[in-house]
Amino acid sequence: MASLGEIMAGGREPVARGVSTKNVGLRGVTVADTAISDVDGQAGRLLYRGYSIEVLAERSCYEEVVHLLVMGDMPTRLELSSLRDALSAGRSLSPEAVGLLRAFAPRTKPVEVLQAVSAALAETDPAPGEAGRDAERRRALDLTGKMASLTAAWHRIRQGLDPVPSSFDLGHAADFLRMLNGSDPDPALARDLDVALILHADHSMNASTFVARAVASTRAHLYASISAALGALSGELHGGANAQVMEMLQEIGDLHAVEEYVRSRLEAGERIMGMGHAVYDTDDPRAVILREMSRRTGERLGDTRWYELTRRVQEATQRSFRERKGGDIYPNVDMYSASLYHVMGIPRDLFTPVFAAARVAGWSAHVIEERFAEAAEKPQLYRPLSDYVGQYCGPAACEYVPLEKRV
Ligand code: COA
C-alpha cells in the first residue's frame, strides 16, 4: 500500500480551500462572532447581552431574559406583556402536536420525544414559507412556549393522563409546573424554576449551540436546528449530566458512602458527573447560585439530604482531584440543579428536558444570529476538514472485489 506521502506526491488534489489547522474537538477555536452571551472562564463570569447572570437571576424573570436573548434587548412593560402572550400562545398545544406525543411508546425517553416532536413541528408552522428575522423570532417564541408544554404533556401522557391545558394567567415557569402536576404550584417553587430557567437560557458556543448554528448555516429551518441541538444536549457530557448527577446521588444514598464512591470512581478513571467544565477554570457562576437555591429550597421543604450529599461529593472530588492531579476542579451547572429539581418534585428523566425548555431561547437566538447577523467573519456554511486515516491502495482507488469473491 502506498504511503500518504507517496499518494500526495502523486498529485492528490486538496479537498477544500483555505489553510488547514488541526484542532481535535475545536478546543480554543473561535467559529463565530456573537453578541448573545459571553463566558469568561478565568473570572467565572457569564453575561447575556452584557447583563450579568447574577443580576438577571436576582431581578428578572425568564420571560424578560427570553426577550433579551431573542429580541435583542430588555423589554419595556408593553414588550414584556406581548412576549408573555406569545409564550402562553406557544404553550398551547394543537391536537396534532398532542397526537404526535400519543404516538410514542410510554417508555420513550422525554428528551428523545422532544427531539422528534421539535423537528415534526415544522409541519404545523402557520406560515412555513415566511422568511426573515421577524418570522424566525415568531417561531422562536412559539417553540420556547412549546418546549415546556411538550415536556409536561409527555409526562402526563406516559402516565395515562390527559395533558393539562396551558394558562394565560401564569408566568412561564409557574405554568410549566401546573401543566406537569395538574395543580397550581407553590409560588416559591415557581420562582425557583424561573431562576433555574434564567441560568440555563444560554452559554455561548457550547456543543448544542454549535450544532444548532451548524444546522442553521445549511439554511435548514429553525425546527431542524432545535431538534439537532436537543440531540447534542441529551449526551451525559452535556445536558444529560444533571440526570446522571441525580442517579449518582441515589446510588450513593448515604453521606458515609461518599468518600468511597468518589475514590473508587476516580481510581477507575471514571468521571464524577456535575464536576468540571470545558471553559471555567474557577467556579461556574450558575453553580454558585444553584447551590444556594438547592440549600435554601431543601431547608424550606425539610429535605436537605440531597443538597448535603451533593456538597459532600463536590468536596470529596475536589480533595481527591487535588491529590491525584495537583489541580482544581469545580462544580458545573448540572451539579446542584439535580438536587434542586429533585426536591421540587421534578422526575429525574425530565431534568434534561427542563434544561432544554430554558436553552431553547438561547439556541433560537443563535440560529437567528447565524442567519441574519452581518458579522464580517460569518461563514456561509460550516465546513471543517478531517484527516483521512483510512486505507490507501495506491494513487488509484482500491480495487472493488465483488461480494461473492470476498473472503
Ligand atoms: N471527574 C473526574 N475527572 C474529570 C472530570 C470529572 N467530572 N472532568 C474532567 N476530569 C479530568 C479528566 O479525566 C482529565 O484528566 P486527564 O488529563 O488525567 O486525562 C482532565 O480532568 C481534563 O479533562 P477534559 O475532558 O480534557 O476536560 P474538559 O475541560 O474538556 O472536560 C467536561 C469538560 C465537562 C467534559 C468534563 O469536566 C466532564 O466530563 N464532566 C462530567 C460531565 C458533566 O458534568 N458535564 C456537564 C458539563 S456542563
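Quick caveat: nothing in here was measured; it's all calculated off a predicted structure. Read the numbers this way: they start at 1 and go in the same order the structure lists the ligands and their atoms.
Counted by atom type alone, Gln159 and His155 present one or more donor-acceptor pairs between their side chains at under 3.5 Å. In the model, Asn242 has a side-chain atom that pairs as donor or acceptor with a side-chain atom of Thr352 under 3.5 Å. In the model, Glu299 has no side-chain atom that pairs as donor or acceptor with a side-chain atom of Tyr307 under 3.5 Å. Side-chain atoms of Ser149 and Ser166 include no donor-acceptor pair closer than 3.5 Å. Donor-acceptor pairing under 3.5 Å is lacking for the side chains of Ser225 and Trp363.
Each ring pair (Phe, Tyr, Trp, His ring centres under 6.0 Å) pair with one or both residues in residues 187-231, not counting sequence neighbours, appears once here: His200-Phe355, His203-His277, His203-Tyr280, Phe210-Tyr382, His221-Tyr223.
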Ligand 1: protein N/O within less than 3.5 Å of ligand N/O:
{"from": "ligand 1", "atom 1": "1 (N)", "to": "Ile272", "atom 2": "N", "distance (Å)": "2.9"}
{"from": "ligand 1", "atom 1": "7 (N)", "to": "Ile272", "atom 2": "O", "distance (Å)": "2.8"}
{"from": "ligand 1", "atom 1": "7 (N)", "to": "Met275", "atom 2": "O", "distance (Å)": "2.7"}
{"from": "ligand 1", "atom 1": "15 (O)", "to": "Lys325", "atom 2": "NZ", "distance (Å)": "3.3"}
{"from": "ligand 1", "atom 1": "18 (O)", "to": "Lys325", "atom 2": "NZ", "distance (Å)": "2.6"}
{"from": "ligand 1", "atom 1": "25 (O)", "to": "Arg271", "atom 2": "NH1", "distance (Å)": "2.9"}
{"from": "ligand 1", "atom 1": "25 (O)", "to": "Arg271", "atom 2": "NH2", "distance (Å)": "3.0"}
{"from": "ligand 1", "atom 1": "29 (O)", "to": "His277", "atom 2": "O", "distance (Å)": "3.3"}
{"from": "ligand 1", "atom 1": "30 (O)", "to": "Arg27", "atom 2": "NH1", "distance (Å)": "2.6"}
{"from": "ligand 1", "atom 1": "30 (O)", "to": "Arg27", "atom 2": "NH2", "distance (Å)": "3.0"}
{"from": "ligand 1", "atom 1": "37 (O)", "to": "Met275", "atom 2": "O", "distance (Å)": "3.4"}
{"from": "ligand 1", "atom 1": "39 (O)", "to": "Arg271", "atom 2": "NH1", "distance (Å)": "2.8"}
{"from": "ligand 1", "atom 1": "40 (N)", "to": "Met275", "atom 2": "O", "distance (Å)": "3.0"}
{"from": "ligand 1", "atom 1": "44 (O)", "to": "Gly274", "atom 2": "N", "distance (Å)": "2.8"}
{"from": "ligand 1", "atom 1": "44 (O)", "to": "Asn332", "atom 2": "ND2", "distance (Å)": "2.9"}
{"from": "ligand 1", "atom 1": "45 (N)", "to": "Leu237", "atom 2": "O", "distance (Å)": "3.0"}

